[in-house]
Amino acid sequence: MVPRAHQLRSRPMADMKTAWKAIVARALAEYVRQKGLSLSLPAADGIVVERPPKPELGDLGIPMFPFAKLLRAGPNQVAQALAEIIAADPESSGLGAAVAEGPYLNVRLARRPELSRILDAALSPGWGKTQSLSGHRVMVEFSSPNTNKPLHLGHLRNNILGESLSRILRAAGAEVRSINHINDRGIHICKSMLAYMRLGGGRSPADEGLKSDHFVGKYYVLFNELKEKEPGIEAEAQDLLVRWEAGDAEVRDLWQRMRTWVLEGIAQTYARTGVQFDLYDYESDTYELGKDIVLKGLESGVFYRESDGSVWCDFEDIGLDTKVFLRKDGTSLYITQDLGCAVDRHDSWPYDRLVYVVGNEQQYHFKVLFEALGRLGYDWARDLHHLAYGMVNLPSGRMKTREGTVVDADDLVDEVSALAKAEIEAKGREDLVGNLDAVAEKIALGAIHYYLLQVAPAKDMLFDPAASLSFNGDTGPYIQYMGARATSILRKHGAGEGNARKGKADPGKLSGDSDWALLRLVSGLPEVIDAAAAAMDPSVLAAYLYGLASGFSTWYRENPVLNCADFDVAASRLDLVSAVKRSLEAGLALIGIPFLESM
RNA sequence: GAGGCAAUAGCUCAGCUGGAUAGAGCAUCAGAUUGCGGAUCUGAAGGUCGGAGGUUCGAAUCCUCUUUGCCUCACCA
């Protein structure tokens with residue numbers, strides 16, 4: 001089965017693998033026929049095709065071990081036999097040549113047709129978009145801040161994971177809705193309100209010259225100081241919550257005012273870091289949702305009532321605990337609300353998947369939530385997914401608000417920006433970059449987002465300030481820098497410099513090992529996007545982009561473009577540089593790293 | 001105590017459904033620019049993949065046990 005033309009356009013390298021699986025499967029069948037054996041062979045898509053560890057070994061490698069066992073022959077022998085059969089297969093000859101190397105069948109692809117196909121794809125408008133999830137609707141909930149303090153480093157990891165995931169899913173063809181579930185009610189909110197009532201003196205953020213979310217956060221910290229001297233203040237906060245729930249006008253008024261301050265401040269942080277949402281849920285609107293669902297579940301016997309009136313569900317049969325779903329006073333809990341939200345969301349926009357980007361400390365909660373929804377008869381409960389990410393720790397240990405070891409999001413971006421600015425100035429590039437502050441901030445985002453995304457989501461990570469501020473090596477700014485250099489070549493060409501305009505571009509001129517190696521790297525983008533989307537893991541894309549940038553860097557040191565004496569090669573390499581630039585640009589956009597034309 | 005996640009180079013991390021000599025970056029050492037941006041490149045050194053068994057032609061990867069670390073096990077969110 002030879003892949004269709006439009007598929008070849010969108011995923012050049014993946015389709016080559018598919019094509020070769022089919023060729024090998026055919027060769028196996030032929031081998032069996034020749035030997036007069038009768039046995040069932042593996043399906044073509046079950047054949048493992050990998051990439052040889054070294055480029056000299058070819059473009060694709062197929063281990064013969066599984067077949068050796070099946071055919072009761074040595075793997076080297078099988079490789080040899082298959083190579084001969086494939087050499088005689090007329091369909092394979094246009095696609096490349098297979099050579100037996102030890103127990104492996106290594107394929108050298110026919111470069112000339114591949115080169116033009118890859119280049120063609122990489123320079124066409126759809127590059128960086130795939131269809132692997134087309135027709136899918138995915139909801140992604142992330143960020144979910146509290147409205148009593150500003151965002152911190154942990155939120156930055158959450159935000160970029162959620163934002164990047166949303167973009168990757170869209171790039172893979174899915175229809176995505178991103179949701180921010182604002183936690184704007186509860187005892188923690190009342191605490192900052194109470195401290196403000198005591199110490200705020202009616203001042204506004206502007207009066208104190210503070211960003212509005214930082215202003216509110218200050219009072220949250222002050223509450224904890226008050227508590228030291230005045231233990232009774234906790235009860236007062238509780239009382240404030242009761243008044244809030246009762247709709248007390250004075251309390252609601254203050255609540256509204258402080259909430260707005262925080263949300264305005266947080267919105268600024270989202271804007272500067274490039275995070276966007278399609279929808280906002282406010283807990284103050286949704287906190288009573290889910291009660292009726294629990295009551296229905298009570299009727300159907302999914303839940304049971306304790307003698308004190310509280311409602312529970314027993315999960316001991318699946319190794320979990322019993323869990324409360326309604327308080328004895330009939331009020332709802334976190335999980336009650338989440339139950340209601342999930343149903344509401346599915347009613348309003350039936351999705352194929354709902355992803356909660358929430359810290360791994362809540363794994364138990366989501367396990368219970370999903371299980372409860374399933375028991376209540378919602379068959380879409382299996383489409384819910386908790387994307388649990390690990391904590392961001394500091395060299396000194398865990399971040400703790402009370403100990404003042406929290407790394408504030410805005411402060412971090414400011415700090416890294418200042419370093420980037422100093423770096424630009426140290427190199428005397430102020431005039432080259434244009435808007436100095438804007439570019440410095442984009443470099444800072446590149447550094448921070450890449451640092452946070454480079455680690456697989458599930459893992460806890462260490463945030464080492466010194467290392468994260470570095471712009472060298474495996475970092476976001478390194479990738480940005482390679483993008484800037486590629487752009488620089490194209491810019492010079494555009495300005496009339498170099499030999500490329502004297503020649504004629506021909507992909508066939510790029511069949512040398514180093515040009516070919518770089519173009520193969522480029523060709524991997526669509527597959528990586530699909531893999532990142534399937535695994536819901538932006539880190540695989542981050543790793544790919546670093547590899548591409550690094551490959552480009554190695555390549556262009558040895559391979560002149562504008563200065564190439566062979567004008568046709570110069571013109572062809574210019575296309576290759578364009579393809580690299582476009583791939584970096586498309587890929588970086590998906591992981592929230594600004595592309596820079598110069599830096 | 002129960003459940004979950006993790007452990008790979010001095011440090012921070014990759015290692016896709018088991019496959020060819022376990023890879024990067026940082027740090028260390030040694031080099032490279034009369035050429036398209038040196039925030040770069042090349043090289044050296046650095047590993048009993050926490051430990052012990054098992055499955056397999058083959059294990060960092062799968063299974064069991066074990067050690068260590070983190071998280072959770074609220075009528076908080």
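In what follows, chains are A, B, ... by sequence order, proteins preceding strands, each numbered from 1.
Taking the nucleotide of RNA chain B with the nearest heavy atom to each of A:K427 and A:V540, the more 5' of the two is matched to A:V540. RNA chain B is contacted by both A:Q454 and A:N146; A:Q454 maps to the nucleotide lying nearer its 5′ end (nearest heavy atom per residue).
Phosphate contact (OP1/OP2 of B:rA39, side-chain N/O of A:Y481, threshold under 4.0 Å): present. Listed pair A:S488 / B:rC36 fails the phosphate criterion, with no side-chain N or O lying under 4.0 Å from OP1 or OP2. Between B:rA7 and A:K459, a contact under 4.0 Å exists linking OP1 or OP2 to a side-chain N or O. Side-chain N/O atoms of A:Y287 include none lying less than 4.0 angstrom from OP1 or OP2 on B:rC76. Proximity of A:R327 to the phosphate of B:rC76: a side-chain N or O atom is located under 4.0 Å from OP1 or OP2. Distances shown here put a side-chain N or O of A:T554 below 4.0 Å from the OP1 or OP2 atom of B:rU42. Note on A:R557: every side-chain N or O is 4.0 Å or more away from OP1 and OP2 of B:rU42.
Using a 30° and 60° split on the angle between ring planes, A:H155 and A:H152 fall in the tilted class, from 30° to 60°.
The distance between the ring centers of A:Y451 and A:F463 falls below 6.0 angstrom.
With values rounded to the nearest 0.5 angstrom, A:H449 atom NE2 is found 12.5 Å from A:L588 atom CG.
Under 3.5 Å, the side chains of A:W255 and A:D184 contain no donor-acceptor pair of N or O atoms. A:D474 and A:Y450 share a side-chain donor-acceptor pair at under 3.5 Å.
When both distances must be under 3.5 Å, the Watson-Crick or G-U wobble mate of B:rG53 is B:rC63. For B:rA14, there is no paired base (Watson-Crick or G-U wobble, both distances below 3.5 Å). Within the shown strands, B:rC71 is the pairing partner of B:rG3 under the Watson-Crick or G-U definition, both distances less than 3.5 Å. Across all strands shown, B:rA32 forms a Watson-Crick or G-U wobble pair, both distances under 3.5 Å, with B:rU40. Shown here, B:rG58 forms no base pair; nothing in the strands shown gives a Watson-Crick or G-U wobble contact with both key distances under 3.5 Å.
Atom-to-atom, CD of A:E361 to P of B:rG69 comes out at 21 Å; the value is rounded to the nearest Å. As rounded to whole Å, 12 Å separates atom P of B:rG4 from atom OH of A:Y364. Rounded to whole angstrom, the span from the CG atom of A:D515 across to the P atom of B:rC36 amounts to 19 Å. As a whole-Å value, the separation of A:L369 CG from B:rG4 P is 19 Å.
Side-chain proximity of A:Y451 to the nucleotides B:rA39, B:rG35, B:rU12 is greatest for B:rU12. Among the nucleotides B:rC70, B:rA20, B:rC76, the one closest to the side chain of A:L333 is B:rC76. With distances taken from any side-chain atom of A:K492 to the nucleotides B:rA20, B:rC75, B:rC36, the minimum falls on B:rC36.
Using a 4.0 Å heavy-atom criterion, one finds that A:G61 contacts the bases of the nucleic acid, with or without backbone contacts as well. Using a 4.0 Å heavy-atom criterion, one finds that A:N148 contacts no nucleic acid atom at all.
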Distances for protein N/O vs nucleotides 57-62 of chain B N/O pairs under 3.5 angstrom?
none

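Using atom C1' as the reference point in both B:rG15 and B:rG23, the two lie 7 Å apart (nearest Å). With P as the reference atom, B:rU48 and B:rU42 are 27 Å apart, rounded to whole Å.
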